[in-house]
Trainee: 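To start, I am sharing the structure in question, which I have written as structure tokens.
What you see is a predicted model, and the numbers here were worked out from it, not measured in a lab.
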Amino acid sequence: MEQQIKPVFDLQQQHKFELRKTDAKTRIAKLKKLKQALTDAEAEIFAALEQDLRKNPFESAVTELYFTYAEIDHAIKKLRSWMRPKAAGRTLSNFFVRNRIYYEPKGVCLIIAPWNYPLQLMMSPLVSAIAAGNCAILKPSEISAATASVIAKLIAATFEPKEIACFEGDAAVSTTLLGLPFDHIFFTGSTAIGKVVMEAAAKNLTSVTLELGGKSPAIVDDTCDLKKAAEKIAWGKLVNAGQTCIAPDYVLIEQNLEADFVKHYHAAVEKMFYGHSEINKGDYAKIVNQKQFNRLQKLVEAAVAEGAIVAVGGKFDEKDFTITPTLLTAVTENNVIMEDEIFGPVLPVVSYSRLGEAIDLVNRKQKPLALYIFSDSTVNQNKIIAETSAGGTCVNDVLVHIGNPNLPFGGVNSSGMGSCHGIFGFKTFSHERAVVFQSKLGVTKMIYPPYASKMGLLKWLKKLM
């Protein structure tokens, strides 16, 4: 595989200087070509996502394909503005100059996507890379093999390898790619693998964007509409069978609300995913493979052994990797299920007596990718936002912040670094270059040596500072 990858990488390293010169019109044409290729392959994409994750075509359209279309359309609409050099303010030291910020492509970029949203999480950063004028090498996840195959075929038919190429394969392919001196690496996946990527990038001083995950809490207080909160949390948790990096990972709820929350959550689950007392597998995704299925089953068993109670669901069907929507109560902070991101349709509920207790629990854990607040109290909303840290936050909803390209999406510390979508993705794949145009009236000569006769100038400068 190395014999195939290295020549393409070298080809892109040579071609990146040509792409640097491209204007908005040329890049927009590439984005339109990408959208047309995706449109032509819709049926194949839906079939592949159904094969990999049993995603309903409607869910695939909303969360994968149409999401990507919206990202492309937004970039096409805004690209000319993004590419335009931006004026920067003056200071006393350069009062007569013109200051500008230019956006130049980083060069040859590596994009590594995960298996849970295999199309969207590959195409979204690719849109930004194209908009910023880069070459790109793509590495889809081998776990979602059917979608990876469609992506590879689509890219090969749409772009020349010197601009965009795709390599399928296992971890050995990723290792080979990470050994190359890319100009930027964009990785989406687990925190553990993110550390491996960052370590590899450090050897070449390659800049990185890490879109990771973590335990994203939902905090529920007694001022919210509990029925609506339960329904929204259920949807956010169970879309793609919980295999979503920003899914609510656990619920923190005032203790007197817990019983009613369980009732409302159960009702919401029944309404969305059940028919005649059976799970509707046409609307409910499967766990991606045996390994992940076994991990989740053992996790629930361990949580129950430590005192958790299965209040909803808890059925595991190994023949088609289906885990029914599962709600656990009587969960404590020290339960095993509260250690790592669950990444499945299992939701623990932890009760609190004071809002400060919930905030303290969140802050004792690593900073999450998302935090959800369900409260009609402005005071409580502001308190939680001010006293916690998270990659992004929704108040009285879940997941929806990812769908607005005018907002940055990304994590903080263990949940990631850097932002994507819209102009934030464009900047991620660009170098912001400071450019100063000096005036004929420049006064910097005043500070040239010799200095003996200029000590009085320091006093004057100090007064003006």
Trainee: Looking only at the side chains, is there a donor atom on one of H264 and E231 sitting less than 3.5 Å from an acceptor on the other?
Mentor: no
Trainee: What residues, two or more places apart in sequence or in another chain, satisfy side-chain contact (heavy atoms from CB on, under 4.5 Å) together with T388?
Mentor: I359, V362, N363, L371, I384
Trainee: Does NZ or CZ of K427 fall inside the cone over Y103's six-membered ring, less than 6.0 Å from its centre and within 45° of the axis?
Mentor: no
Trainee: Do D52 side-chain atoms and A146 backbone N/O form a donor-acceptor pair below 3.5 Å?
Mentor: yes
Trainee: Should R54 and D320 count as side-chain neighbours, where that means a heavy-atom distance under 4.5 Å?
Mentor: yes
Trainee: Should the heavy atoms of other residues, nucleotides or ligands under 6.0 Å from CZ of R433 be counted, would the total exceed 12?
Mentor: no
Trainee: Is any side-chain heavy atom of L38 closer than 4.5 Å to one of L119?
Mentor: yes
Trainee: W115 and F343: aromatic ring centres closer than 6.0 Å?
Mentor: yes
Trainee: Would you please indicate yes or no on a ring centroid separation below 6.0 angstrom for F9 and F182?
Mentor: yes
Trainee: Please assess D221 against T223 for the test side chain to side chain donor-acceptor pair (under 3.5 Å), listing each intermediate value before the final yes or no.
Mentor: CA-CA 6 Å; D221 75 8; T223 68; 2.8 Å; yes
Trainee: Got a sec: does the CD of Q13 have more than 12 other heavy atoms crowding it under 6.0 Å?
Mentor: yes
Trainee: Taking the side chain from Q243 and the backbone from V288, do they hold a donor-acceptor pair closer than 3.5 Å?
Mentor: yes
Trainee: Are the charged groups of K162 and E18 less than 4.0 angstrom apart, N to O?
Mentor: no
Trainee: Below 4.5 Å, heavy atoms only, C-beta onward: do P345 and Y284 meet side chain to side chain?
Mentor: yes
Trainee: Just checking, K55 and Y117: is the charged tip under 6.0 Å from the six-membered ring centre and within 45° of the axis?
Mentor: yes
Trainee: May I have the step-by-step check of side chain to side chain donor-acceptor pair (under 3.5 Å) for Q14 and D10, ending in yes or no?
Mentor: CA-CA 6 Å; Q14 296 168 16; D10 291 340; over 6 Å; no
Trainee: Counting C-beta onward and ignoring hydrogens, is there a side-chain heavy-atom pair between F374 and I233 closer than 4.5 Å?
Mentor: yes
Trainee: If the plane angle is over 60° it's perpendicular, under 30° parallel, otherwise tilted; pick one for H401 and Y372.
Mentor: perpendicular
Trainee: Can you give each donor-acceptor pair under 3.5 Å made by side-chain atoms of residues 209-217, sequence neighbours left out, with the distance rounded to 0.1 Å?
Mentor:
| from | atom 1 | to | atom 2 | distance (Å) |
| --- | --- | --- | --- | --- |
| T209 | OG1 | H184 | NE2 | 2.9 |
| K215 | NZ | D249 | OD2 | 2.3 |
| K215 | NZ | I337 | O | 3.0 |
| K215 | NZ | D340 | O | 2.8 |
| S216 | OG | A370 | N | 3.2 |
| S216 | OG | A370 | O | 3.2 |

Trainee: So with a 6.0 Å cut-off around NZ of K78, is the heavy-atom count from everything else above 12?
Mentor: no
Trainee: Quick one: sort the W82 and F426 rings into parallel, tilted or perpendicular, breaks at 30° and 60°.
Mentor: tilted
Trainee: Kindly assign one of parallel, tilted or perpendicular to the pair F409 and H421, based on the angle between their ring planes and the thresholds 30° and 60°.
Mentor: parallel
